[in-house]
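Please read all numbers here as calculations on a predicted model, not as lab measurements.
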Amino acid sequence: MKGMNDLFAKDLQTRRFVCSKAIHVFENYGFSEIQTPVLEELSLFVRSVGENTDIVSKEMYTLEDRDGTKICMRPENTAGVVRALVENNLISADQEAKVFYIGPMFRRERPQKGRLREFTQIGAEFLGSPAPSADIEFLAMIHDWLSDLPIGKIKLVVNSLGQPDERGNYLTALRAYFEPLTDKLCADCQRRLKTNVLRLLDCKNENCSKLADAAPSIHDYLGEESSAHFQTVQAGLRNLGIAFEISNRLVRGLDYYTRTVFEFIAESGLGAQNTVAGGGRYDGLAKELGGPDVPGIGMAAGVERMVLLLEENGYVQELKRPDLSLISADPAGRQKAFDLLFALRRKGLFVDFDHKERSVKSQMRRADRLRSKEALVLGNQEVESGKAVIKNLESGETREIRLSDL
RNA sequence: GUGGGUGUAGCUCAGCUGGUUAGAGCACUAGGUUGUGGCCCUAGGGGUCGAGGGUUCAAAUCCCUUCACUCACCCCA
C-alpha cells in the first residue's frame, strides 16, 4: 500500500527507543496511557477537526459500516481521546485528566519525506485546566522529552489564536485586508482567501509573503484575557530556560484550537515536513463533543519523523546479539548441541544454532556474522569427556568448561 | 489532485552517441589439508536490465504507454 510501510527489527528498535523515552517523561509528568479504536464515527472528526479542513474534506479513509453508519480511520487522535474521556465520565469541571497515547493514524495524502498515509503519533492530552501554567507544564514536558533524544536542533515556535470570537474578528479583518489585493496573490492564495485565510500568512511565494508582512496581526485582536494568558505562557517558558520563538504566522490546520498553539520544528534533516511535534489548546472541544465545558491542551508528535531525525543524526540501535553460538563438529556433537540449545534458552540465554549441517568453519562464520558473544564447539571428544572450550568471539580468548556446568 | 526525479544482481551503483555470452564493490556460498570466526586469497551461485508495446538486421541503451518508488506543491505529525 502506498504510504504504508512494512517495518523490520532495525526500524522498530528505533521506534521503541523514541517511545520508551516518551513514556518515561510523560509518566513523570503525571500522564497515563490511553488507547482508543482506530475506527471512529466520521462525524466525530467533522465536528471537532472541522468539515472544511483538508484533513476531513479530502484526506480521510472513510467507509460505511453495515448498518449504514459512516465511519473512518482516525486521521488524528485528539478527538478520539476526548470522546473516550467524555463517554467514560473521566472529565468534569473539577476533575482533570492527563493521558498520552501511541498509535497509528491515517491520512490519504501523497507521501513524501516525513509524510506517510499510515503514520504513528505519540500524543498527550491534558484536560481540566484553563491556567497558563498548564500550557507551560505541557510545553516543558515535550521539551524535556525531545531534548533527551539525539535528534539535532529543535526550535519551538508558539503563537496564540485567541478565543473563537477573537479569531473570528481577526479572520474578518484579514479577509478585508487581502480581498482588495486578490489579483496580486498567487493562485493558491486566491483560493486560500476563500477557504483558509490564515494559511495565506505563510505562503512561500515572495509577493504573497510581502503582502502578508503588512497584514494585521492576530495579536492585535486578542482580548485582555487571551493576551495576558499568552504573556504568562511566554514568561513561564523564559523562566524555565526553554528557548522559543513567537510567530504570529503560526497557524494550525484543525478548527478546535484556541489560544496557545505551538510547533516543535527540526532545523535540519527532515526536508519540507519539518514539524516534529505540534499542538495547542482546545478549550471548547470537550463541550463540542457532548461533554462538560472543560478546557484542554494537547499535542501530537510524528514517530516516523523522529526516527528519521535519529537516523540523520547517526543514531544506530544495535540489534540483539546472541550470548552463545552452539557449533557442532559431528553427529554426536550435533545432538548434544541441540539438547543444550533448549536447556540454555530455558535459563534465559539467547543461543543460536545452525540447522544446516555445515563445516565448523561455516558455523563459526555464522556466529561471527550474528555477532555472537561466545562460541562453543561440540563433537565426539566433548561429549565423551564432558569438557569443552568456549571461545570469546570478541577477544578470541578461550576457556575450558564442564558441559555439566552449563 | 498537480509537478520534478529515479527504476540494471540481496544492497549501492556503472554501462545508456543502440551491436557478440550485461559489469563492479559489498553481501552470500564453498574452499585455502585433518574440528574454530573476524583480515587476506581463490572459486562459485545469483539479473524476465520495473512491465507492456513500438522503431530497427539488432535495444538495458531510442520512442510511446503503464506501474512502482522518491522529492516537492497543497496540507500536516
Looking across every strand, which nucleic acid part, if any, lies under 4.0 Å from [X] by heavy atom: base, sugar-phosphate, or nothing?
X      : answer
A/L116 : base
A/V276 : sugar-phosphate
A/G333 : nothing
A/S362 : sugar-phosphate
A/K113 : sugar-phosphate

- [ ] Look at A/Q273 and B/C71 and indicate whether a side-chain polar atom (N or O) is within less than 4.0 Å of OP1 or OP2.
- [x]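 For B/C71, OP1/OP2 do not have a side-chain N/O of A/Q273 under 4.0 Å.
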
Open item on the list: Is A/R115 close enough to B/A72 that one of its side-chain N or O atoms is under 4.0 Å from OP1 or OP2 there?
Closed with: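 Checking A/R115 against B/A72: no side-chain N or O falls below 4.0 Å of OP1 or OP2.
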
Please set out all donor-acceptor pairs under 3.5 angstrom arising from side-chain atoms of residues 284-308 of chain A, sequence neighbours excluded.
| from | atom 1 | to | atom 2 | distance (Å) |
| --- | --- | --- | --- | --- |
| A/E304 | OE1 | A/T120 | N | 2.9 |
| A/E304 | OE2 | A/R15 | NH1 | 3.3 |
| A/E304 | OE2 | A/R15 | NH2 | 3.4 |
| A/E304 | OE2 | A/T120 | N | 3.0 |
| A/E304 | OE2 | A/T120 | OG1 | 2.8 |
| A/R305 | NE | A/G114 | O | 2.6 |
| A/R305 | NH1 | A/T275 | O | 2.8 |
| A/R305 | NH2 | A/G114 | O | 3.0 |

Task: Electrostatic pair A/R252:A/E263 at N-O distance under 4.0 angstrom - done: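 Between A/E263 and A/R252 there is a salt bridge, with a charged N closer than 4.0 Å to a carboxylate O.
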
Task: Candidate nucleotides B/C73, B/G35, B/G37, ranked by approach to the side chain of A/R110 - the nearest - done: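 Closest nucleotide among those given: B/C73.
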
TODO: Please tell me which of the listed nucleotides, B/G37, B/G31, B/C69, lies nearest to the side chain of A/M364?
DONE: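 Looking only at side-chain atoms, A/M364 lies closest to B/G37.
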
- [ ] Between A/M1 and A/A277, name the one whose nearest nucleotide on RNA chain B is closer to the 5' end.
- [x]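 The residue whose closest nucleotide sits nearer the 5' end is A/M1.
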
Task: Nearest-nucleotide comparison on RNA chain B, the residue closer to the 5′ end among A/L393 and A/E304 - done: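 Nearer the 5' end of the strand: A/L393.
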
Grab the N/O contacts between the protein and nucleotides 25-28 of chain B below 3.5 Å, and write none if there aren't any.
| from | atom 1 | to | atom 2 | distance (Å) |
| --- | --- | --- | --- | --- |
| B/C28 | OP1 | A/R369 | NE | 3.0 |

For nucleotides 43-45 of chain B, print each protein N/O atom paired with a nucleotide N/O atom at under 3.5 Å, atom names and distance only.
none

Task: Nearest-angstrom distance, P atom, B/G44 to B/U20 - done: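 One P to the other, the span is 23 Å.
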
Task: Summary of ring-ring contact (aromatic ring centres under 6.0 Å, His included) pairs that have at least one residue in residues 271-318 of chain A, sequence neighbours excluded - done: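 Listed by first then second residue: A/F17-A/Y315, A/Y256-A/Y282.
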
Just distance, no hydrogens or angles: give the donor-acceptor pairs under 3.5 Å from side chains in residues 175-183 of chain A, sequence neighbours left out.
| from | atom 1 | to | atom 2 | distance (Å) |
| --- | --- | --- | --- | --- |
| A/Y177 | OH | A/L211 | O | 2.6 |
| A/T182 | OG1 | A/E179 | O | 2.5 |

Atom pairs under 3.5 Å, N or O on each side, protein against nucleotides 32-34 of chain B: can you list them with distances?
| from | atom 1 | to | atom 2 | distance (Å) |
| --- | --- | --- | --- | --- |
| B/G32 | N7 | A/K361 | NZ | 2.9 |

